[in-house]
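Below is one structure, written out as structure tokens, with a few remarks after it.
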There are 2 protein chains.
Amino acid sequence: MSTHAQHAPHPTGLAQKLADSGLRSTPQRELVYDVLLTKRDHPTADEVFARVKPELPGISLATVYNCLETLVQCDLVRAVNFERGPTRYCPNLCPHAHFHDEATGQTHDIDLPPVLFAKLRAELPAGFDANAVEITFRGKAKTSSN
Amino acid sequence: MSTHAQHAPHPTGLAQKLADSGLRSTPQRELVYDVLLTKRDHPTADEVFARVKPELPGISLATVYNCLETLVQCDLVRAVNFERGPTRYCPNLCPHAHFHDEATGQTHDIDLPPVLFAKLRAELPAGFDANAVEITFRGKAKTSSN
DNA sequence: GTTGCGCCTTAGAATCATTCCAATTCGTTG
DNA sequence: CAACGAATTGGAATGATTCTAAGGCGCAAC
């Protein structure tokens with residue numbers, strides 16, 4: 001029965017990145033990451049839990065939190081926050097902004113030219129050393145596709 | 001009409017703004033606002049509570065939350081969030097960014113030229129209508145003055 | 001191939017900020 | 001002064017997340 005590749009090695013080399021940090025690749029971590037890559041709608045931990053459970057019924061919410069934290073640590077996903085709402089997770093690693101639709105609660109990635117990030121950084125007074133910039137728009141999105 | 005102005009009418013016309021929204025000016029609201037204007041270090045609700053209590057020992061934390069919410073509603077202060085930390089409050093109404101010092105937890109206002117805000121907005125794809133932009137830097141600030 | 005050892009996962013308790021609720025107080029107005 | 005609605009209050013409730021203690025599991029050494 002070994003001809004079935006039930007878990008094809010992860011397309012993006014998750015096992016590799018984990019190993020780089022001295023961590024193991026586990027079914028839970030693979031699956032959580034998979035879920036994030038598959039539906040990139042910035043799900044919350046609860047939503048990830050719901051998507052993962054059918055596949056791995058024994059998994060616990062605590063583990064989902066652990067896995068997400070691990071993935072963030074390994075720079076495989078980004079944690080995103082709006083106000084004090086539940087943390088959302090985003091597998092898009094290129095610098096980008098987020099648009100939070102107040103009507104639907106949906107989150108959209110907004111690509112920005114790198115030069116804009118540079119210009120923002122350039123505005124920091126001397127003595128301020130930023131290692132991250134976060135940009136969030138809030139408003140209504142009337143995407144025809146939705 | 002007494003000649004004693006025990007509570008000098010608030011320098012920034014809080015009573016006025018409240019009235020505009022059909023709300024009353026109360027000692028609690030005045031004091032909470034005062035505290036925010038006096039020390040503009042982006043305090044949390046708990047910190048505001050602590051600063052307000054000596055002046056008005058009977059005040060409750062719930063009231064502080066209520067007052068802060070009211071002030072935000074009246075556009076007298078802005079609520080600011082970092083990650084999932086407690087909400088902080090900022091009486092600076094001009095558009096500006098925030099720098100969150102990861103070492104000290106301190107928050108600094110960063111003024112940005114309006115043109116930058118405009119450029120950011122201009123990057124939004126058609127169909128996205130933003131009514132607010134939030135910009136947050138994270139990193140270390142080695143302010144000599146502090 | 002059994003034994004350790006340490007990493008992972010798990011369930012449930014604990015935490016923290018915030019909101020909700022029902023009861024009381026306060027200012028105004030009638 | 002009586003009544004009404006707005007504001008405040010303390011405490012309970014909520015929701016997301018983290019902590020904790022107890023197994024499990026895989027892999028290396030024997």
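Each chain gets a letter, A, B and so on, in the order the sequences are listed, and its residues count up from 1. Values in this document were obtained by computation on a predicted structure and should not be read as measured data.
- B:Lys53 places its NZ atom 14 Å from the C1' atom of D:dT8, with the value rounded to the nearest Å.
- Of the listed nucleotides (C:dC20, C:dT10, D:dA7), D:dA7 has the atom at the smallest distance from the side chain of B:Arg24.
- Separating the CD1 atom of B:Ile59 from the P atom of D:dA7 is a distance of 14 Å, rounded to the nearest angstrom.
- Under 4.0 angstrom from either OP1 or OP2 of D:dT9 there lies at least one side-chain N or O belonging to B:Thr63.
- With C:dT10, D:dT17, C:dT19 as the choices, the nucleotide that has an atom nearest any side-chain atom of B:Tyr65 turns out to be C:dT19.
- Contacts of B:Thr26 with the nucleic acid, taken as non-hydrogen atoms under 4.0 Å apart, involve only primed sugar atoms and P, OP1 or OP2.
- At whole-Å resolution of the value, CZ in B:Arg88 and P in C:dA17 are 10 Å apart.
- The side-chain heavy atoms of B:Thr63 and B:Phe49, taken from C-beta on, include no pair separated by under 4.5 Å.
- The CZ atom of B:Phe82 sits 16 Å away from the C1' atom of C:dA17 (whole-angstrom rounding).
- Salt-bridge formation is detected for the pair B:Arg51/B:Asp41: a Lys NZ or Arg NE/NH1/NH2 atom is positioned less than 4.0 Å from an Asp or Glu carboxylate oxygen.
- The interatomic distance linking A:Leu23 (CG) with C:dT9 (C1') rounds to 14 Å, in whole Å.
- Ring geometry, A:Phe99 versus A:Phe137: the interplanar angle falls under 30°, so the pair is classed parallel (tilted spans 30 to 60°).
- Proximity of B:Arg29 to the phosphate of D:dA7: a side-chain N or O atom is located under 4.0 Å from OP1 or OP2.
- Salt bridge B:Glu134/A:Arg138: present, at least one basic N to carboxylate O contact under 4.0 Å.
- Mapping A:Asn66 and A:Asp46 onto DNA chain D by nearest heavy atom places A:Asp46 closer to the 5' end of the strand.
- Rounded to whole angstrom, the span from the CD atom of A:Gln28 across to the P atom of C:dC7 amounts to 17 Å.
- Regarding B:Phe49, its CZ atom lies at a distance of 14 Å from the C1' atom of C:dA17, rounded to whole Å.
- B:Thr87 comes within 4.0 angstrom of the backbone, heavy atoms only, and of no base.
- You'll find that the side chain of B:Pro86 is closest to C:dT18, out of C:dT10, D:dT9, C:dT18.
- Within the 4.0 angstrom heavy-atom criterion, only backbone atoms of the sugar-phosphate kind lie near B:Gly58; the bases stay farther away.
- Put simply, CG on A:Asn81 is 19 Å from P on D:dG15, counting in whole angstrom units.
- Considering only the side chain of A:Ala62, C:dT10 comes nearest among C:dT10, D:dG10, D:dA7.
- Taking only side-chain nitrogens and oxygens, B:Arg84 never comes nearer than 4.0 Å to OP1 or OP2 of C:dA17.
- Counting heavy atoms from C-beta outward, B:Val133 and B:Arg121 have side chains that approach closer than 4.5 Å.
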